[in-house]
Q: 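Starting off with a structure, shown below.
A, B, ... follow the sequence lines: proteins, then strands. Residue 1 opens every chain.
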Protein chains: 2
Amino acid sequence: MSQEQSQRMQSMCESAKAHVDDLLVLLSKSKMLSTLYVMNCDPDPMRFSEIKKRVDSSSTTVARRLGELEAHGLVTRTAYATVPSTVEYTLTRDAIALQPSLESMFEWVLNRADSSL
Amino acid sequence: MSQEQSQRMQSMCESAKAHVDDLLVLLSKSKMLSTLYVMNCDPDPMRFSEIKKRVDSSSTTVARRLGELEAHGLVTRTAYATVPSTVEYTLTRDAIALQPSLESMFEWVLNRADSSL
DNA sequence: GAGACAGGTTACAACCTTGTTACAAAAGAA
DNA sequence: TTCTTTTGTAACAAGGTTGTAACCTGTCTC
């Protein structure tokens, strides 16, 4: 392999690493796993207030998490011109692909929480 | 159900919730998922410096994460009286049970990182 | 006009977390 | 004697994150 190719390869790997890190940082944010989990539990679109209630956090944090998920293409935000306002969030196909991992992870968490009681 | 029973039930549920939250907070700490992942990749005990290198973080952070994992019974720390010192970390059975979830989660992350290149 | 509702945003103080630097211990090598 | 190694720990400044409180929109109701 030429030095040029090797450099291109390395920069590609580093780019991939950056994307992986980016996703891990995203998933590691507070309430992020919970948010994805509660949205996974119900296949229907979910409203802001419902997510906030289930995740049990402040508006600010829930809004931030949902914004980040939307920015990463993991949720879709749909606003309806009702009064008072209605906004629905849906997981994208990409996020749904993560469902099985999250589910078995939460099963593990629940088992572990059970046995430590 | 008596009110007393209901109260006991509720406090049990809240205790479970606290444990779940505790685990989610643990898993959400920076480099935690990476740490578990790199340790999962290799079934052999792993030394501190090797984990640090693979996780790519400061000694302080790696030591903190490993300490937290040990405190939660997810890794075992074994020190050998060599010079210079040798310390090996191993995932516990509990942590190994989490392996499949983590693996498919990382697969998802890698796929996603790939397609965003 | 005032209040209520959903779904936020903004500002900010308080708190949490991180990496850096310095240090330690123990024993063999130079 | 001083250097080297591994595996950390302590202290601290810099930066990041959180919740709270205040505010906003737009319309229907009282």
Q: Side-chain N or O of B:Tyr89 less than 4.0 angstrom from OP1 or OP2 on D:dG8?
A: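 So the side chain of B:Tyr89 is within the cut-off, an N or O lying under 4.0 Å from OP1 or OP2 of D:dG8.
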
Q: What is the nucleic acid contact for B:Ser57, judged by heavy atoms within less than 4.0 Å: base, sugar-phosphate only, or nothing?
A: sugar-phosphate

Q: With respect to the side chain of A:Lys29, which nucleotide from C:dA6, D:dT17, D:dT20 is positioned closest?
A: D:dT17

Q: How many Å lie between CG on B:Leu66 and P on D:dG8, as a whole number?
A: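 Between P of D:dG8 and CG of B:Leu66: 8 Å.
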
Q: Mapping A:Val83 and A:Val62 to their closest nucleotides on DNA chain D, which lands nearer the 5' end?
A: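 The answer here is A:Val62.
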
Q: The side chain of B:Thr61 is closest to which nucleotide in this list: D:dT6, C:dG19, C:dG7?
A: C:dG19

Q: Could you check how far CD of A:Glu68 sits from C1' of D:dG16, rounded to whole Å?
A: 12 Å

Q: Rounded to whole Å, please give me the gap between CE in A:Met46 and C1' in C:dG8.
A: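 That distance rounds to 18 Å.
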
Q: Quick one: which of C:dA6, D:dG8, C:dG7 gets closest to the side chain of A:Phe48?
A: C:dG7

Q: Is the shortest side-chain N to carboxylate O distance from A:Arg47 to A:Glu50 below 4.0 Å?
A: no

Q: So which nucleotide from D:dT18, C:dG8, C:dG19 ends up closest to the side chain of A:Arg65?
A: D:dT18

Q: Whole-Å distance between D:dG8 P and B:Glu88 CD?
A: 11 Å

Q: Could you tell me the separation between the CG atom of A:Asp56 and the P atom of D:dT18, rounded to a whole number of Å?
A: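 Between P of D:dT18 and CG of A:Asp56: 14 Å.
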
Q: Just checking, any donor-acceptor pair under 3.5 angstrom between side chains of B:Asp22 and B:His72?
A: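 There is such a pair (donor and acceptor under 3.5 Å, judged by atom type) between the side chains of B:Asp22 and B:His72.
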
Q: More 5' along DNA chain C: A:Thr60 or A:Val87, using each one's nearest nucleotide?
A: A:Val87

Q: So does B:Ser59 get a side-chain nitrogen or oxygen closer than 4.0 Å to the phosphate oxygens (OP1/OP2) of D:dT9?
A: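 Result: no.
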
Q: So which nucleotide from D:dG8, D:dT6, D:dT18 ends up closest to the side chain of B:Arg47?
A: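 Of all the options, the side chain of B:Arg47 is nearest to D:dT6.
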
Q: Can you tell me which nucleotide in C:dA6, D:dT20, C:dG19 comes closest to the side chain of A:Ser58?
A: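 Given the options C:dA6, D:dT20, C:dG19, the side chain of A:Ser58 is closest to D:dT20.
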
Q: Over 60° means perpendicular and under 30° means parallel, so classify the ring planes of A:Tyr89 and A:Phe48, tilted if in between.
A: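 Tilted, since the angle between the ring planes falls between 30° and 60°.
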
Q: Is any NZ, NE, NH1 or NH2 atom of the basic residue among B:Lys31 and B:Asp56 found under 4.0 Å from an Asp or Glu carboxylate oxygen of the other?
A: no

Q: Report the distance from atom NZ of B:Lys31 to atom C1' of C:dT17, rounded to the nearest whole Å.
A: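 To the nearest whole Å, that distance equals 13 Å.
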
Q: Once hydrogens and angles are ignored, does a donor-acceptor distance under 3.5 Å link the base of D:dT7 to the side chain of B:Ser85?
A: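 Looking at the base of D:dT7, it does not pair with any donor or acceptor on the side chain of B:Ser85 (distance under 3.5 Å).
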
Q: Cluster question for you: counting only ILVMFWY and a side-chain heavy-atom cut-off of under 4.5 Å, with indirect links fine, are A:Val25 and A:Leu74 together?
A: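 Each belongs to a different hydrophobic cluster.
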
Q: When you measure from the side chain of A:Thr86, which nucleotide among C:dT9, C:dG7, C:dT17 comes out closest?
A: C:dG7

Q: Using the side-chain hydrogen bond (donor to acceptor under 3.5 Å, both in side chains) rule, take B:Ser34 and B:Arg65 through it: C-alpha gap first, then chi angles, then the decisive distance, then the call.
A: CA-CA 10 Å; B:Ser34 299; B:Arg65 288 306 93 88; over 6 Å; no

Q: Check the distance between D:dG19's P and A:Lys52's NZ and give it to me in whole angstrom.
A: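 Nearest whole value for this atom pair: 9 Å.
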
Q: What's the CD-P distance between A:Glu70 and C:dT9, to the nearest Å?
A: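 About 10 Å, once rounded to whole Å.
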
Q: Kindly indicate whether the side chain of B:Arg77 and the base of D:dG8 share any N or O donor-acceptor pair separated by less than 3.5 Å?
A: no

